[in-house]
Amino acid sequence: MASTTTAVRTAAVRMEEAAMMAQGNGGVVVITGASSGVGRACAEAFAARGWHVVLAARRAEELNEVARRCRERGTGRALPIPTDVTDAAAVDRLAQEAVAAFGRIDVWLNNAAVAAFGALDEIPADVCRKVIDTDVMGYVYGARAALTAMRRQGSGTLINVSSVVGASPVPYNAPYAVAKAAVRALGTSLRQELWLEGHRDVHVCTVLPATMDTPFFQSAANYSGRKVTPMAPVYTPERAARTILRLARSPRRESYVGPAAAVLACWTKLFPGPTEKALAYQMNRSHLSRTESAPDTAGTVPHPLPGGAVRGGWGGTRRTAGRRLATAALATGVGYAVMRSACGRRLRRCGVARADCGDE
């Protein structure tokens, strides 16, 4: 039964991909953080569907390679423009060059991001600031540039990549969690502004992925003293790209990538206190290695490093059934912690010890 369901869903995904391929319309998409990971997967996916892609990242050599692959995969043009998104003037030039080359911007994908792991007081202040500059101000600059063009042309879609940690924060990654929560708030605020201004054909979407199989974890700054490993379940960047392609075609306020993201967001809304504790436990147990140490590093936060792969080698290509099992285990673990906490609170009010709950 399970194998039949999996086959049906796989066939549905392939049919959807074929439909999106057929609907390639020569639109124009600007993608920041396009040199690796989700950004690179999106660039290749848009190109395969006939879109013109404007590629932005700090690494010129990797951008040129992505542009070459995009030209091989599709009929549209690929324009690489090295850009540091923390430079407002550079982001404005990116938008201007896109409009000069193609006449308009149909979709702008704010995707560039960096992260720093470790206790907040152990992460250098300048590294914290650079994470916020990239992950928040980079999106602000991108939104300003994109929406200026879209208001002028009367249509367009801005897509901001947040994260599940923007809805369900975790410890030892505070600058990134703060930034991704801010990105989610930015989307809400911009939608309100556009509605008040009457721009009904200009859309702002927020994407909240679960853990992605990208080079993100190898390239992050790390001051925890422990090797960073992704917290299961891990999904492929191509899955995120499919979600973003759907938003380009049919915009909606927010979309989660991977059932685990939706599960965590749901638990956080329903039981915020116990979920915080459960996520803290999971982060300390599986996101930071308990057996492998790691030297302090600023990673790609201050400057880019060589390499531009889509995947990070974390197992995002494993069977869907495995990811479902991991999602179920995550949901069960969080749910158990939630119910244990709630049970303990209720029984303490009645003067009953937690051991009497039967969970010891």
Side-chain angles (χ1 to χ4, degrees), residues 28-40 42-43 52-67 78-102 104-105 107-116 123-152 156 158-163 175-176 178-187 189-190 204 206-207 214-216 219-221 297-308:
V28 180
V29 58
V30 178
I31 302 172
T32 70
S35 61
S36 65
V38 170
R40 181 165 179 165
C42 287
H52 303 299
V53 293
V54 181
L55 309 169
R58 292 177 294 179
R59 299 175 290 184
E61 184 177 347
E62 282 78 4
L63 273 186
N64 289 331
E65 171 60 18
V66 177
L79 178 62
I81 303 177
T83 306
D84 185 339
V85 297
T86 66
D87 183 342
V91 176
D92 285 341
R93 286 194 297 273
L94 172 65
Q96 291 163 6
E97 290 190 43
V99 172
F102 301 108
R104 61 184 294 108
I105 298 172
V107 174
W108 182 293
L109 177 61
N110 272 330
N111 170 74
V114 294
I123 303 172
D126 61 325
V127 173
C128 290
R129 178 58 182 266
K130 186 67 172 180
V131 172
I132 299 299
D133 283 347
T134 303
D135 298 6
V136 178
M137 295 311 299
Y139 283 53
V140 169
Y141 300 148
R144 286 167 57 92
L147 293 179
T148 295
M150 291 173 185
R151 284 186 174 103
R152 186 185 306 120
L158 169 66
I159 302 175
N160 294 323
V161 178
S162 178
S163 166
Y176 184 77
V178 167
K180 291 307 183 179
V183 168
R184 194 181 187 195
L186 175 65
S189 182
L190 292 176
V204 179
T206 302
V207 180
T214 71
F216 175 84
S219 63
T297 175
T300 59
V301 172
H303 51 75
L305 298 175

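In what follows, residues are counted from 1 in the order of the sequence shown.
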Within the 4.5 Å heavy-atom criterion, are Val131 and Val301 side-chain neighbours or not? yes
To the nearest 0.5 Å, what is the distance between CZ (Arg58) and OG1 (Thr300)? 5.5 Å
Kindly compute the distance separating CG (Leu94) from OG1 (Thr83), expressed to the nearest 0.5 Å. 4.5 Å
Which heavy atom of Asn110 sits nearest a heavy atom of Gly142, and at what distance? OD1-CA, 3.7 Å
Spacing of OH belonging to Tyr176 relative to SG belonging to Cys128, to within rounding of 0.5 Å: 15.0 Å
Spacing of CZ belonging to Arg184 relative to CG belonging to Asn160, to within rounding of 0.5 Å: 12.5 Å
Test item: Phe216 and Val114 side chains (from C-beta on) under 4.5 Å apart, heavy atoms: no
Shortest non-hydrogen separation from Val30 to Ala98 and the atoms involved: CG2-CB, 3.9 Å
For the residue pair Thr32 and Trp108, establish whether any side-chain heavy-atom pair is separated by less than 4.5 Å. yes
Between Cys42 and Ile31 the two heavy atoms that sit nearest each other are C-CD1, 4.0 Å
Donor-acceptor contact present, side-chain Ser189 to main-chain Ala185, <3.5 Å: no
The reported gap from OG1 in Thr134 to CZ in Arg129 (rounded to nearest 0.5 angstrom) is 11.0 Å
Minimum side-chain heavy-atom gap Leu55-Leu79 below 4.5 Å: no
What is the minimum heavy-atom distance between Ile105 and Ala95, and which atoms define it? CD1-O, 4.0 Å
Tell me, do Val183 and Asp135 make a side-chain contact under 4.5 Å, heavy atoms counted? no
Do the ring planes of His52 and Phe102 sit parallel (below 30°), tilted (30 to 60°) or perpendicular (above 60°)? parallel
Please answer whether the main-chain N or O of Val136 pairs with a side-chain N or O of Lys180 as donor and acceptor at a distance below 3.5 Å. no
Could you measure the distance from the CE atom of Met137 to the OG1 atom of Thr86? Nearest 0.5 Å is fine. 10.0 Å
Would Val178 and Ile132 satisfy side-chain contact (heavy atoms from CB on, under 4.5 Å), going step by step from the backbone distance to the final call? CA-CA 8 Å; Val178 167; Ile132 299 299; 4.2 Å; yes
Test side-chain contact (heavy atoms from CB on, under 4.5 Å) on Ser162 and Val207; report intermediate values, then the result. CA-CA 6 Å; Ser162 178; Val207 180; over 6 Å; no
Closest heavy-atom contact between Ala78 and Pro80? O-CD, 3.6 Å
Do Val28 and Val107 touch side chain to side chain, with heavy atoms closer than 4.5 Å? no
Which heavy atom in Pro82 sits nearest to a heavy atom in Ala60, and how many Å separate them? CG-CB, 3.7 Å
Using distance alone, with no hydrogens and no angle criterion, decide if Ser35 and Arg59 have a side-chain donor and acceptor under 3.5 Å apart. yes
Are Leu190 and Leu158 packed together at the side-chain level, in the sense that at least one heavy-atom pair is separated by less than 4.5 angstrom? yes
Tyr139 side chain to Ala113 main-chain N or O, any donor-acceptor pair under 3.5 Å? no
Side-chain contact, heavy-atom cut-off 4.5 Å: Arg152 with Arg104? no
